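Below: the structure, in structure tokens.
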Amino acid sequence: MRLHLPYRIYFFWGLWPHWILCTSSTNKCTVRHEEADCSHLKLTEIPNDLPVNITTLNLSHNQLRRLPPANFTRYNQLTILDGGFNSISKFEPELCQNLPWLKILNLQHNELSHVSDTTFAFCLNLTELHLRSNSIQKIENNPFKNQKNLIVLDLSHNGLSSTKLGTHLQLENLQELILSNNKIRALRSEEFDFLGNSSLQKLELSSNQIKEFSPGCFHAIGKLFGLSLNNVQLGPSLTEKLCLELSSTSIQNLSLSNIQLYRTSNMTFSGLQQTNLTMLNLSHNNLNVMGNNSFVWLSHLKYFFLEYNNIQHLSSHSFYGLSNVRYLNLKRSFTKQGISLASLPQIDDFSFQWLKCLEYLNMEDNNLPGIKSNMFTGLVNLRYLILSNSFTSLQTLTNETFSSLAHSPLLLFNLTKNKISKIESGAFSWLGHLKVLDLGLNEIGQELTGQEWRGLENIYEIYLSYNKYLQLTSNSFALVPSLQRLMLRRVALRNLENSPSPFSPLHNLTILDLSNNNIANINDELLKGLEKLEILDLQHNNLARLWKHANPGGPVHFLKGLSHLHILNLESNGFDEIPVKVFKDLFELKSINLGLNNLNVLPPSVFDDQVSLKFLNLQKNLITSVEKNVFGPVFKNLSDLDMSFNPFDCTCESIAWFVNWINQTHTNISELSRHYLCNTPPQYHGFPVMLFDTSSCKDSAPFELLFMISTSMILIFIIVVLLIHLEGWRISFYWNVSVHRVLGFKEIDGQSEKFEYTAYIIHAHKDRDWVWEHFSSMEEKDQSLKFCLEERDFEAGVLGLEAIVNSIKRSRKIIFVITQHLLKDPLCKRFKVHHAVQQAIEQNLDSIILIFLEEIPDYKLNHALCLRRGMFKSHCILNWPVQRERINAFHHKLQVALGSRNLVH
Ligand SMILES: *[C@@H]1O[C@H](CO)[C@@H](O)[C@H](O)[C@H]1NC(C)=O
Ligand SMILES: *[C@@H]1O[C@H](CO)[C@@H](O)[C@H](O)[C@H]1NC(C)=O
Ligand SMILES: *[C@@H]1O[C@H](CO)[C@@H](O)[C@H](O)[C@H]1NC(C)=O
Ligand SMILES: *[C@@H]1O[C@H](CO)[C@@H](O)[C@H](O)[C@H]1NC(C)=O
Ligand SMILES: *[C@@H]1O[C@H](CO)[C@@H](O)[C@H](O)[C@H]1NC(C)=O
Ligand SMILES: *[C@@H]1O[C@H](CO)[C@@H](O)[C@H](O)[C@H]1NC(C)=O
Ligand SMILES: *[C@@H]1O[C@H](CO)[C@@H](O)[C@H](O)[C@H]1NC(C)=O
Ligand SMILES: *[C@@H]1O[C@H](CO)[C@@H](O)[C@H](O)[C@H]1NC(C)=O
């Protein structure tokens, strides 16, 4: 075994500078297509060796102080120049002269303090100019007057005290003006005059200290569609003033997040009556009191954001007039304070009745006391209702709980985290359109009779994971055959071994999650008929027993017939055995996770049907060897393999094929060098598997001598121990043989005249016909042969033991006719065989010939007769041929065996 690591490192260091030289000589910019990225390189100078045809140059995050125009003449094709995050304090007008195509100029986070009429005078084609985070305090005259194509102008995070960027009309194509985080205290109409011809999609004025809106300020702007004033401390009265100023503008999107609007009245938004406002953001306002009819003016509103407020009471007229709202976000909108019932937020019946167009309602993370009988009445277009963690405790869902949703065409209903403990029969019977029902993370503990789901005729997904316990019956899902996804993770599932299976009505099921349930008892019917199942999650259960050979009734093939399965997760089940046919016919499997089990040896061919597998996870098992006959087929199309943290045995037999495969595969194997380590042999414990040198598996090179000497001692020891353990019989057998030799038993072959018979035939009584027929016919053909047949050569068939011993002694060879009968024949077992072997040891081993009339495994032979094939020369072991035409060849072999000299070579 050779470790290459030091060589590889050296190789890399040697190669590195060469590679640099080949691409560019002095800097480390990366150039792809026509884009050069020179960011984060501590540059103090403009690189002068980039391709001249680049169109994008990123110089951000360096230490540049200037952008000298002359140094850019080379790159006159540039359309995008990013000089952000440097120390540039002056922008030279000639730069734009040299870059006539420049469209996007980014100078954010620099030290520009002054822009004059000439600064950008030649930047005629600019569409975006980013000057965020400089120190521009004041704009004088008209520095942007030539930017007729400018669409985005970002001047946020400077020190500007006014919105005035010019003295006469300009920027007629501007769409976004970003002035947030400046020091603007007032919005005055004359300071917006320069935008008189513009139509702004977005005027961003957030995080200023605006205290004043002078009359007509927004009307000075040609058209204003979007305004953000987030984080401006307006309070209720300035907000009212703002809305009056917005009256009759084209405002559509108004964002007023975190403006300390702690109450609204029927006058707050009155100014917006004459607008077509479609989006209003009032989130993060600590809004506590929402007066009746506050939003009556907003009849065009479609998107309403009210999350993160402190609303105490929603009355039946709070939302009056919001007849066009489609989206309403009330996440954490209601007060959280107090635990007593009196201080809980209150939602009156019929509060939502005005929201006829509402499709999406999010009320998650509130602290509502419960559901009243008319809470949601009137939401006739509601499709998505999120009530996750909305209630202090819902406990039992009765057939009345959701009656106020009877006329809502709900598609998705999220009820997670509400401390629901029981679902009564018909609880969802109002929701015939529902497709997705999320009941996860509650405290449901009950038997599912199936009536719980009555009326869910279109249901597609039920999520029940993370509840207290669920006891199933055969009917649990009988009323929802349309179900395609069923999530039952960590619900202490009980009674899965019902017959018929609880899942048997779900023919369209594609995803089934049964993980984390400690399931130990299932039968092979559980998933029967789920032919469309694509994803099956069974991780973190206790299924190990089902796959054991020793399981009463054999291994349980619970995956049988899942022919469309794509993803199978069996992680952490304690599996230590896999039946060889368990994945058979799962041709479409793309991913198998068998991680965190106790697998050591996988049966050959177990993955043979998984030809399209992409992901295989076997991490943290007890796998020592990775062999071709198990993994060859499945590794072919694999895109990701995880076998990390297995105790690999780094020997040629166990790992060489794997290492060779790793070296030529395109499969992703992450952390190969850190998490694939040798466990054995001891001296390589902890070494990366990938450094195992497979060339040593073919020839042993001289440099390995040292290693070989040191290991051979251990190996010899192991071999001896193993030999004694496995082949002890052979040792004692040959020991016997040798002892007899040494004690002077002579080779008796020379005195063949002493023998009366060519061979003595030992056979079972039941096989006598066969023996008679074949051996007597051989004698007829060849006169020199004379067999001792018990039936014929003993007087009147008397089988005196002494006669047998004498006859055996007088035979040159002993033939065993081995059949199942012989193994059972008591006389043969006890006496004849023992004696024959004894004689063979004295005489020598070639004197015994075994003829197998049928296939008998070696262990049976050993068990019944204390014989093993390994004790005899191969030419002394003959098999009676099945095919007639081979009988001649058999006779020939037998003659060879009979004629062979009795010798131990
Ligand atoms: C501009 O180019 C000149 C001449 O090549 C060079 O001396 C100078 O350092 C460059 N300046 C910058 C800021 O790159
Ligand atoms: C840009 O120049 C490089 C060589 O400097 C050349 O490989 C590439 O094809 C050129 N691209 C175009 C669009 O001309
Ligand atoms: C750039 O501006 C010049 C002068 O206004 C004009 O002729 C040219 O067409 C513009 N190029 C692009 C790509 O807009
Ligand atoms: C509101 O929309 C209508 C129809 O789209 C339009 O006629 C009207 O001028 C718009 N009002 C404002 C203030 O933009
Ligand atoms: C606003 O509410 C007050 C009472 O709170 C009421 O007197 C007034 O008429 C209401 N105004 C409108 C326009 O509804
Ligand atoms: C609700 O269940 C009760 C019995 O539990 C029954 O009397 C009542 O009719 C059911 N109501 C509806 C609307 O199904
Ligand atoms: C239900 O809401 C919870 C919490 O926001 C979320 O994690 C879950 O994904 C939602 N369920 C569905 C089906 O959207
Ligand atoms: C199962 O799916 C098929 C094909 O999409 C559909 O025709 C059938 O109606 C579905 N069965 C049920 C019970 O929804």
Side-chain angles (χ1 to χ4, degrees), residues 25-27 29 36 38 41-50 52 57 59 62-75 81 83 86-92 94-95 98-99 110 307-308 329-333 360-366 383-391 394 410-420 428 431-442 450 453 455-467 477-489 503-511 513 529-534 564:
S25 53
T26 56
N27 64 74
C29 300
C38 303
L41 294 173
K42 298 192 172 134
L43 297 180
T44 53
E45 299 193 350
I46 312 300
N48 58 7
D49 52 0
L50 299 169
V52 295
L57 176 55
L59 290 168
N62 283 298
Q63 296 164 2
L64 300 170
R65 298 179 166 275
R66 292 178 60 210
L67 299 175
N71 301 48
F72 284 88
T73 45
R74 188 181 155 78
Y75 309 123
L81 175 59
N86 280 289
S87 312
I88 302 162
S89 53
K90 191 166 188 305
F91 183 83
E92 287 149 77
E94 295 76 18
L95 180 60
N98 291 344
L99 304 175
N110 276 293
E307 64 266 31
Y308 297 93
N329 195 337
L330 290 171
K331 177 174 179 172
R332 286 206 199 193
S333 288
Y360 176 99
L361 174 58
N362 187 348
M363 294 178 71
E364 72 185 297
D365 294 334
N366 282 300
R383 289 183 164 78
Y384 307 91
L385 178 55
I386 291 118
L387 295 180
S388 170
N389 192 25
S390 298
F391 300 94
L394 270 187
L410 267 198
L411 298 178
L412 180 146
F413 196 8
N414 194 334
L415 278 166
T416 56
K417 298 190 241 172
N418 281 308
K419 301 200 175 79
I420 299 169
F428 303 106
L431 308 176
H433 295 88
L434 201 64
K435 287 194 172 303
V436 179
L437 175 59
D438 192 341
L439 286 163
L441 297 129
N442 278 293
W453 319 124
L456 291 174
E457 278 157 23
N458 286 294
I459 197 76
Y460 166 86
E461 172 170 356
I462 295 181
Y463 187 97
L464 270 168
S465 297
Y466 304 104
N467 273 293
F477 302 103
L479 295 179
V480 282
S482 56
L483 210 57
Q484 295 189 26
R485 300 169 168 203
L486 178 56
M487 311 301 177
L488 293 166
R489 174 176 301 192
F503 309 122
S504 63
L506 304 178
H507 296 294
N508 281 355
L509 205 62
T510 56
I511 303 181
D513 185 349
L530 303 185
E531 275 161 22
K532 295 195 179 163
L533 200 63
E534 292 174 10
H564 286 91

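Counting starts at 1 for both ligands and their atoms, in listed order. All residue numbers refer to positions in the sequence shown, counting from 1. Since the structure is predicted, the reported quantities are computational estimates derived from the model, not experimental observations.
Taking CD1 from Ile511 and CG from Leu486, the interatomic distance works out to 10.5 Å, rounded to the nearest 0.5 Å.
Under 4.0 angstrom from ligand 7, the non-hydrogen atoms of Glu364 all belong to its side chain. Contacts of Pro68 with ligand 1, taken as heavy-atom pairs under 4.0 Å, involve the side chain alone. Within the 4.0 Å heavy-atom criterion, the part of Asn71 lying near ligand 1 is the side chain and not the backbone.
Between Asp438 and ligand 7, an N or O atom pair is found at a separation short of 3.5 Å. Among the atoms of Asn48, none of the N or O lies under 3.5 angstrom from an N or O of ligand 1. Any N or O atom pair closer than 3.5 Å counts here, and Ile46 shares at least one such pair with ligand 1.
Test Leu394, Leu439, Leu441 against Asn418 for side-chain contact (heavy atoms from CB on, under 4.5 Å) and you get one pass: Leu394.
The number of heavy-atom neighbours closer than 6.0 Å to OH of Tyr360, taken from other residues, nucleotides and ligands shown, is above 12. More than 12 heavy atoms of other residues, nucleotides or ligands lie within 6.0 Å of CZ in Arg74, so this atom counts as buried by the packing criterion.
Judged as a side-chain contact (heavy atoms from CB on, under 4.5 Å), and not counting sequence neighbours, the contacts of Asp513 are Met487, Arg489, Ser515, Asp537. For Tyr466, there are no side-chain hydrogen bond (donor to acceptor under 3.5 Å, both in side chains) partners, not counting sequence neighbours.
Within the structure, the side-chain hydrogen bond (donor to acceptor under 3.5 Å, both in side chains) test picks out the following pairs touching residues 479-488 (sequence neighbours left out): Tyr460-Arg485.
A side-chain donor-acceptor contact under 3.5 Å links Asp365 and Asn389.
Around ligand 8, the residues contributing at least one heavy atom under 4.0 Å from the ligand are Pro481, Ser482, Asn508, Lys532.
Residue Asn98 comes nearest to Pro69 through the heavy atom pair ND2-O, 2.9 Å, listed as atom of the first residue, atom of the second, then distance.
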